[in-house]
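Heads up, the thing below is written out as structure tokens.
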Amino acid sequence: MIRVRLAGSIRRAIEQAQAAGDLPPVDVGEIPLERPSRKEHGDWSSGVALAMAKAARMKPREVAERIVAELGAPEHVARIEIAGPGFINFFLTHAWLANLVAGVEAAGDAWGRSEAPEPQRIQVEFVSANPTGPMHVGNARWASVGDAIAALLGATGHEVEREYYVNDHGRQVELFGRSLAARYLQRFGREAEMPEGGYQGHYVQALAEDLAAEAGDRLLDAPAAEREAFFREEGLRRTVADIRATLDAFGVRYDVWFSERSLHESGAVTAAVDRLREAGHVYEHEGAVWLRTTELGDDKDRVVLRSNGAPTYLAADVAYWIDKRGRGFDRVIYLWGSDHHGDVPRVRAAIQLLGDDPDAAEFIIGQFVHLTRGGETVRMSKRTGEAVTFDELLEEVGRDAARYHFLRQGIDSTMDFDLDLVVRQSQENPVYYVQYAHARICSILRYAEEQGVALRPVSEVALEELQHESELDLLRKIAELPEVVEVAARQRAPHRLTRYAEDLAALFHAFYRDCRVVSEDESLTQARLHLCRAARISLRNVLVLLGVSAPERM
RNA sequence: GCCCCCGUAGCUCAGUGGAUAGAGCACCGGCCUCCGGAGCCGGUGGCAGAGGUUCGAGUCCUCUCGGGGGCACCA
């Protein structure tokens, strides 16, 4: 990449200046090189002279001058300027920018993707909503973000698997089964009380009705355990199927649906505790088995086996971790809601106590969706069933607008979400702005074809005729894509892509305003059609990473 | 009480320690004889507060205030 070459040129220039005695032999570290926010400051800018000035005991501008003196004329650089307090600004040649069009076309779907210096096998586990009811809008945020992060990692050269951890074991599942069974009995006019803290939502009611139709009256007088087992198992099966269907409709495809129960049934959980025990990291106290997480900074030790012998969630997490690592992942990413951030040090400690590398686990903590409806806060509880469901959201807002909405914001801050407002604004959703730009490009390409303009191979086209400021602005933005993807992936920040997409769309619209594409000038027409294609490829590739469609008409 | 996240324009949010802090929505005013007006151009308006580090702070550190989340033998 041009960035790397420029950084290398700067480094060599500094070394030469130092060798010649023009600059003192101070260590410069990594060469800072950034894209200035203002284009008057060039395509690339380095503040290296400012950073060096103090150690060199020289004025920053003077340092910059001596570096520039040794810099000569790097390839593809039209001119170099020293500006402001001592920035060294690089302006790329128009030819380099225009030629990018050929590179973009050649790369096609791969444009924007890159190779990782050290490719890893990475698993991303996300959503993993409890299978005791429908998903809500909070889950939709993580579905959007997790899928996009996985896509970004894949686009930067890693091998990625998406996984959903199905919590099909434990008290909530039992409670779910008993709630269904109670509804079933009530359905047939029997006296039955909902279990304490049971699932009140109409989802459970409706599911119980369905299952009642299936089971008929044969379980009415069966032993409670048998009845509850039926409803628990069938309820789980159907709810997991519903969750899968929703995520499928949302365009999220998991490679693995991993059952928590399988860890208990295979003995993996017991084995995990045994392994910790053998390593001397657990002890018994008041009938329970505790893990010494305080050894690694936790404020208190944590129970892994309760006094009734049942393993805790942490014990299952340890077993799950061992399983994941056994599958050969170099890195395991957990996308968790902030309600679980307190569990991070415990799982991390457990990993370390297992003797594994805690840095192989990465916890991405996302803040909540604060759901309101007409200004009133709505709690997203499966038990009460009040929440706005994921399906309702999809129905009312649509997949593209919903995804884009969730991805537009960083994950570190709480997202305010008023369904009424989002539905009302869905027509104003910036996703349409971006999609419109894409459709418009497609329309222009169709128009050219209708006019009988045959697109010539890019190698035969005079790309250097792309000289208009709007053309160059668009080219510069297109050129940024690989870097944007790389940064978004590294920072686990898909929202950078939505910002980029909007910038790119805006610059395309500006280009459209200023430059007639299909004109009498055949040579310029060809160049501009190819620029349109490059813009289209860039837009489409970003939208693919976001999981949003790139319509040819709308 | 302790820990984590957040506080930027009227609203929802961007902003890898750099130069004049940006979008969308809302509001006001403009723009097609021509490839898509779901567009374009212009305007109003902002870093919660106080210290500190730095050549340079919206960004890093400390404290205050405000909002959210956690601190289980729950999942």
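Reminder, nothing fancy here: chain letters follow the sequence lines and each chain counts from 1.
Here A:Gly410 lies in heavy-atom contact (under 4.0 Å) with sugar-phosphate atoms only.
For A:Arg499 and B:G15, the shortest distance from a side-chain N or O to OP1 or OP2 is not below 4.0 Å. Phosphate contact (OP1/OP2 of B:C74, side-chain N/O of A:Arg306, threshold under 4.0 Å): present. Close to B:A14, at under 4.0 Å from its OP1 or OP2, lies a side-chain N or O of A:Ser413.
Ring pair A:Tyr164/A:Trp257 is parallel by interplanar angle, where below 30° counts as parallel and above 60° as perpendicular.
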Review item, nucleotides 53-56 of chain B N/O atoms under 3.5 Å of protein N/O:
from	atom 1	to	atom 2	distance (Å)
B:C55	OP1	A:Lys54	NZ	2.5
B:C55	OP2	A:Lys54	NZ	3.4

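Here B:G18 presents its P atom at 18 Å from CZ of A:Phe90, a figure rounded to the nearest Å. The nearest whole Å value for the distance from the CD atom in A:Gln409 to the P atom in B:C13 is 4 Å. For A:Asp298 and B:C4, the CG to P distance is 14 Å, given to the nearest whole Å.
Positionally, the nearest nucleotide of RNA chain B for A:Tyr512 lies more toward the 5' end than for the other of A:Asn167 and A:Tyr512. Closest-nucleotide positions on RNA chain B for A:Phe511 and A:Val487 were compared, and the one nearer the 5' end corresponds to A:Val487.
A:Ser443 places no side-chain N or O within donor-acceptor distance of the main-chain N or O of A:Ala439, the cut-off being under 3.5 Å. Proximity of a side-chain donor or acceptor of A:Ser470 to a complementary backbone N or O of A:Phe511 within less than 3.5 Å is not detected.
Comparing B:A23, B:C73, B:G36 by their closest approach to the side chain of A:Thr312 singles out B:C73. Nearest nucleotide to the side chain of A:Glu260, out of B:A38, B:A75, B:A14: B:A75. Residue A:Ser45 has its side chain nearest to B:A19 when only B:G36, B:C3, B:A19 are considered. Closest to the A:Arg516 side chain, of the nucleotides B:A19, B:C35, B:G36, is B:C35. The side chain of A:Asn130 lies closest to B:A75, out of B:A75, B:A19, B:C13. Counting only heavy atoms from C-beta on, A:Ala439 has its side chain closest to B:G36 among B:C71, B:C73, B:G36. Looking at the side chain of A:Arg446, the nearest of the listed nucleotides B:G36, B:C13, B:A75 is B:G36. Taking the side chain of A:Met554 as heavy atoms from C-beta on, and the options B:A19, B:G70, B:G36, the nearest nucleotide is B:G36.
In this structure, a donor-acceptor pair under 3.5 Å is absent between the side chains of A:Glu163 and A:Tyr334.
With ring centers used as reference points, A:His509 lies under 6.0 Å from A:Tyr436.
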* Asked: Which letters describe nucleotides 40-45 of chain B, given B = protein heavy atom under 4.0 Å from base, S = only from sugar-phosphate, - = neither?
  -> SS----

* Structure fact -> Given Watson-Crick and G-U pairs under 3.5 Å, RNA chain B in dot-bracket ([ ] crossing, | other strand) is (((((((..((((....[...)))).(((((.......)))))....(((((..]....))))))))))))....

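B:A19 has its base stacked against the ring of A:Phe87, the centroids being under 5.5 angstrom apart at an interplanar angle below 30°. Under the stacking definition used here (centres under 5.5 Å, planes under 30°), the residue A:His340 qualifies as stacked on the base of B:A75.
A ring pair (Phe, Tyr, Trp, His ring centres under 6.0 Å) with A:Phe406 is found for exactly one of A:Trp142, A:Phe417, A:Phe390, namely A:Phe417.
Inter-residue side-chain proximity for A:Val173 and A:Asn167 is flagged as unmet; no heavy-atom pair is nearer than 4.5 Å.
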